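Reading through the structure tokens given below for one structure.
A, B, ... follow the sequence lines: proteins, then strands. Residue 1 opens every chain. The figures that follow rest on heavy atoms only: side chains count, while hydrogens, waters and symmetry mates do not. Owing to the predicted nature of the structure, the values given are computational and were not obtained by experimental measurement.
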There are 2 protein chains.
Amino acid sequence: MYRTKTCGELRLSDAGTTVTLAGWVQRLRKMGGMTFVDLRDRYGITQIVFNNEVNADLCEAANHLGREYVVQVTGTVSERSNKNANLPTGDIEIIAGQLCVLNPSEIPPFTIEDDTDGGDDLRMKYRYLDLRRTAVRKNLELRHKMTMEVRRYLDSKGFLEIETPMLVGSTPEGARDFVVPSRMNQGQFYALPQSPQTLKQLLMVSGMDRYFQIVKCFRDEDLRADRQPEFTQIDCEMSYVHQDDIINLFEGMAKHLFKEIRGIELTEPFQRMPWAEAMKYYGSDKPDLRFGMKFVELMDILKGYGFSVFDNAEYIGGICAKGAASYTRKQIDQLTEFVKRPQIGAKGMVYARIEADGTVKSSVDKFYSQDVLAKVKEAFAAEPGDLILILSGDDAMKTRKQLCELRLEMGNRLGLRDKNQFACLWVVDFPMFEWSDEEQRLMAMHHPFTHPKDEDIALLDTDPAAVRADAYDMVINGVEVGGGSIRIHDSKLQAKMFEILGFTPEKAQEQFGFLMNAFKFGAPPHGGLAYGLDRWVSLFAGLDSIRDCIAFPKNNSGRDVMLDAPAALDQKQLDELALKIDIKE
Amino acid sequence: MYRTKTCGELRLSDAGTTVTLAGWVQRLRKMGGMTFVDLRDRYGITQIVFNNEVNADLCEAANHLGREYVVQVTGTVSERSNKNANLPTGDIEIIAGQLCVLNPSEIPPFTIEDDTDGGDDLRMKYRYLDLRRTAVRKNLELRHKMTMEVRRYLDSKGFLEIETPMLVGSTPEGARDFVVPSRMNQGQFYALPQSPQTLKQLLMVSGMDRYFQIVKCFRDEDLRADRQPEFTQIDCEMSYVHQDDIINLFEGMAKHLFKEIRGIELTEPFQRMPWAEAMKYYGSDKPDLRFGMKFVELMDILKGYGFSVFDNAEYIGGICAKGAASYTRKQIDQLTEFVKRPQIGAKGMVYARIEADGTVKSSVDKFYSQDVLAKVKEAFAAEPGDLILILSGDDAMKTRKQLCELRLEMGNRLGLRDKNQFACLWVVDFPMFEWSDEEQRLMAMHHPFTHPKDEDIALLDTDPAAVRADAYDMVINGVEVGGGSIRIHDSKLQAKMFEILGFTPEKAQEQFGFLMNAFKFGAPPHGGLAYGLDRWVSLFAGLDSIRDCIAFPKNNSGRDVMLDAPAALDQKQLDELALKIDIKE
């Protein structure tokens with residue numbers, strides 16, 4: 001080893017010992033014949049002292065060190081006169097006796113500090129320098145700790161981690177696949193898995209009983225802020241279980257992680273909320289329950305007074321923001337602008353302030369008497385000082401989603417979304433199908449292998465849109481961290497499901513024949529779920545984006561700017577794969 | 001849960017309790033009004049009894065069960081009169097009270113037994129049934145246990161598991177890449193990593209200090225028996241280390257695994273053998289040291305007696321097979337045929353038996369006197385009853401490799417390669433380069449990032465072929481389970497290495513610029529290694545092929561016959577990727 005100790009471990013009790021450290025020069029300060037170097041490694045920072053009077057040559061050498069030089073220092077641990085309480089090693093310093101430059105460094109393109117001066121693009125290009133920053137490194141350490149704990153927990157519950165292949169078959173159902181041309185089977189392609197869904201179901205057919213895998217998955221989608229073309233799933237499946245068994249076991253895992261990773265003991269069972277309720281009261285299948293502001297529907301109260309916007313609406317509903325009656329005209333205009341942004345799409349917003357005397361002052365006073373407004377106030381149990389915000393529209397679901405955005409915005413503005421507070425719940429009883437305007441047919445809301453609720457199976461023939469599924473999502477702070485379902489294990493029911501989803505029997509056989517055939521040889525009842533590891537780590541790390549808990553992420557164009565990938569191939573490689581590039585202008 | 005207990009856990013102490021089990025029908029036997037069902041799950045087998053006299057309907061239902069039906073049984077645990085000492089549950093049986101068929105099964109295409117009647121092709125097509133066999137399932141359980149232990153050990157040593165990307169850039173140096181066309185960057189391709197080599201080096205530049213990852217890697221090679229297009233590596237890297245630090249730490253890990261997985265305490269340090277010695281005495285860089293039979297060179301003894309084969313040889317050497325003098329003419333002919341097979345390529349084989357009276361009887365007696373043959377006998381310290389086998393050739397290295405094959409064959413024939421005995425060693429001091437006849441240039445024996453031995457650096461300019469590297473392989477029972485090296489951390493030395501390997505500065509910059517640039521910003525000294533997980537698991541499981549420790553392997557044409565992948569793509573998918581298939585006849 002180039003060192004006997006790390007830069008994070010020396011304490012006052014080590015004073016007097018001779019040590020060798022190795023690391024990066026974080027900072028260099030000269031003060032009256034002394035040179036102080038902050039030496040950094042993964043484990044911490046230790047101050048090194050060079051004294052010009054004791055060893056002028058050595059001090060001179062130290063004075064030539066630059067930021068991020070890699071050096072090895074041997075010296076004596078000594079008590080500091082000027083202790084630094086902010087550093088675990090702040091009680092000591094090393095009186096240097098030897099200095100060896102292991103590798104010099106050019107001046108880095110940005111400062112290696114928690115508050116760096118580097119912009120996003122520069123940080124991504126020099127990601128290996130960005131990762132030197134404590135703030136980023138800590139995210140990767142947390143990620144490591146989290147996957148260790150997940151494995152420990154699942155191993156203790158009898159789960160086996162089983163690797164499923166990365167080179168599988170393409171299944172056009174679902175998102176777009178990344179594909180891999182085969183050289184040995186020219187003209188044919190593998191696909192990279194969007195998830196090991198069918199493979200883990202086959203593992204249940206094979207009797208593995210309890211499976212998990214922390215595994216890379218791939219989706220070739222147009223990237224949004226919080227999406228990466230490759231992402232990591234904690235993928236789990238169990239046999240001989242009902243929905244409650246899965247929910248209980250994985251709620252246990254979540255509580256274990258909260259305790260081990262964040263030191264938070266969650267003693268209460270997580271709330272379970274039917275999807276219909278989540279949509280009705282929060283306009284979202286992943287409500288953020290760190291704060292209230294439940295929707296109140298106002299159709300009965302506000303219709304029929306000549307305000308045509310409301311009179312013609314299919315939905316009128318609002319939220320009550322406690323203590324926000326003091327919002328200025330400007331603040332309210334900002335909110336109106338917010339809901340009218342194209343991404344949200346509301347036509348406008350109505351507000352009603354509860355004045356100190358209990359009367360209501362609204363933006364639609366000319367249509368509504370105090371009597372009617374008092375009923376609105378009552379519906380929210382609003383108090384003086386509160387601000388009621390109301391949206392309406394001709395599509396109830398769309399309007400609820402707009403109101404959801406407004407609710408979250410108000411939560412932000414009122415400081416109700418503390419990153420160190422966690423609200424966990426299960427959303428259950430999802431609809432089996434949702435209508436796709438684009439495809440003009442029913443689509444599986446989760447995926448085609450989801451088991452309908454036993455009591456709703458009869459509806460498959462008469463009213464499929466009303467069928468609910470044995471599906472569940474775990475939601476934390478408005479983020480869907482995971483989700484899953486009980487799966488169909490009966491090949492006939494599976495065939496019916498494909499039929500409802502518009503597959504011809506031939507197409508179903510072509511794409512999922514291997515699974516339906518497997519079900520003929522004794523498939524056990526089974527179900528499972530998958531967590532988005534990147535999202536969950538981000539949540540625990542308090543990050544706004546998943547990017548900073550990934551060592552080498554891609555940008556929004558799917559590029560790795562550090563590696564400069566993707567890139568053109570050699571012609572020889574294309575020839576071997578029997579491929580031609582054919583870009584249409 | 002569909003069960004209160006598994007099929008593996010009930011014991012005599014549970015007698016009298018009511019339990020519910022669920023599992024697969026392994027076997028059904030009718031005996032005098034009783035029906036016995038062996039019910040199987042991952043955890044074991046439990047006997048269920050149906051009594052026609054007690055419940056005729058239930059017994060009748062049981063009689064209609066078929067192999068691999070999935071059933072749920074409730075009944076009372078009862079002591080067996082006829083105990084089965086071979087089963088952990090053999091002291092008890094379940095007197096069935098209720099029976100529910102959860103899923104019937106068609107007759108499986110092969111028997112679900114350790115000794116199945118299914119051939120390889122059928123087993124791979126129905127892999128989900130093959131995995132039900134205890135023999136195969138145990139391999140996956142061992143694999144799980146092994147990765148858990150690897151993670152536990154490395155975590156305890158301060159290693160962080162860090163995921164590196166799967167969609168990276170293509171680097172034509174090395175084996176052939178699998179590539180992934182980019183839709184968002186048409187005409188450009190990602191590559192799947194052959195290993196995270198450069199990325200883990202960047203993690204060292206980033207100060208992560210100790211990294212590991214159990215990770216899928218990809219090589220598009222023509223497949224041999226023991227190769228898969230995707231395989232799993234235990235990939236490790238450390239900073240501020242010398243070769244010995246890495247060897248010691250990972251020898252510790254190997255010993256930990258031997259103890260935890262196989263219950264074997266290895267107390268001695270592993271032998272370390274220079275590559276040159278391994279080649280000289282075993283004709284292999286991965287010698288199987290479970291047995292001796294070291295090569296003895298016979299050039300000095302056997303040249304110059306008129307036997308032109310030897311007189312013209314560049315190498316003459318042999319092995320001594322203890323106690324094999326009794327080999328018949330036929331057995332010796334078989335060995336001669338063995339070494340003359342095209343895969344081995346020897347021209348012939350000479351033998352010499354040590355007779356009971358100490359005289360030597362050889363196949364070249366007409367050229368050599370007993371005096372000369374006595375010298376041969378002495379060179380091997382051979383005793384009466386031993387058989388000496390000699391090969392010669394005009395290329396020393398090739399002949400040694402032929403002799404290596406012969407040695408391994410004799411080891412097999414003499415039963416010296418016991419799968420439950422383990423001989424571990426490190427092969428060290430590898431040559432830096434090897435000459436490629438195909439490319440007509442020096443190639444990196446490990447890879448271009450390997451650090452030359454400090455004392456050999458001067459030879460880079462004068463005699464590069466003589467340069468040895470700080471590279472090491474861990475070899476167990478003749479299998480290279482892992483290997484690694486100290487890496488170059490100096491961008492100038494790295495540039496020189498690329499030059500020797502025939503890269504122009506532009507080509508080196510194009511392909512590895514990101515790494516050489518990174519080295520300019522303070523790269524620490526670092527090194528590491530990677531293990532082939534599949535091979536190591538196979539070794540511990542006593543398997544001849546890596547295939548049976550992989551859940552869903554590919555066949556020798558790179559196909560997954562269960563999923564029927566790879567396959568043709570929809571035209572729409574090709575269009576989106578701007579690709580045309582162009583197969584030349």
Side-chain ([X]) to main-chain ([Y]) donor-acceptor, under 3.5 angstrom:
| X | Y | value |
| --- | --- | --- |
| B/R137 | A/M208 | no |
| A/E230 | B/M166 | yes |
| B/R132 | A/S206 | no |
| A/K216 | B/T164 | yes |
| B/D41 | A/G207 | no |

Subject >> A/Y190 and B/D560 side chains, donor-acceptor separation under 3.5 Å >> reply: no
**OP:** State, to 0.1 Å, how close A/D209 and B/Y43 come at their nearest heavy-atom pair, and which atoms those are.
**Re:** OD2-OH, 2.7 Å
Original post:
Which pair of heavy atoms, one from B/N103 and one from A/A523, lies closest together, and at what distance?
Top reply: ND2-O, 2.8 Å
Subject >> By ring pair (Phe, Tyr, Trp, His ring centres under 6.0 Å) - contacts of A/Y126 (at least two apart) >> reply: B/F521
Original post:
Out of curiosity, A/T147 OG1 to B/L160 CG, how far, rounded to the nearest 0.5 Å?
Top reply: 9.5 Å
Subject >> Interatomic distance, B/L577 atom CG to A/L579 atom CG [nearest 0.5 angstrom] >> reply: 9.5 Å
Original post:
Which of the residues B/D582, B/V70, B/I581 is involved in the greatest number of heavy-atom pairs with chain A at under 4.5 angstrom?
Top reply: B/D582
Subject >> B/Q72 portion near chain A, given a 4.5 angstrom heavy-atom threshold >> reply: neither
Original post:
Which atoms of B/M1 come close to chain A, meaning under 4.5 Å heavy atom to heavy atom: side chain ones, backbone ones, both, or neither?
Top reply: both
Subject >> For A/R210, all residues meeting side-chain hydrogen bond (donor to acceptor under 3.5 Å, both in side chains), sequence neighbours excluded >> reply: none
Part of [X] lying under 4.5 Å from any heavy atom of chain B:
| X | result |
| --- | --- |
| A/P524 | both |
| A/L574 | side chain |
| A/L202 | both |

Strictly below 4.0 Å, N to O, side chains only: are [X] and [Y] in salt-bridge contact?
| X | Y | answer |
| --- | --- | --- |
| A/E576 | B/R176 | yes |
| B/R3 | A/D245 | no |
| A/R152 | B/D155 | yes |

**OP:** Could you tell me if the ring centre of B/H144 sits under 6.0 Å from that of A/F159?
**Re:** no
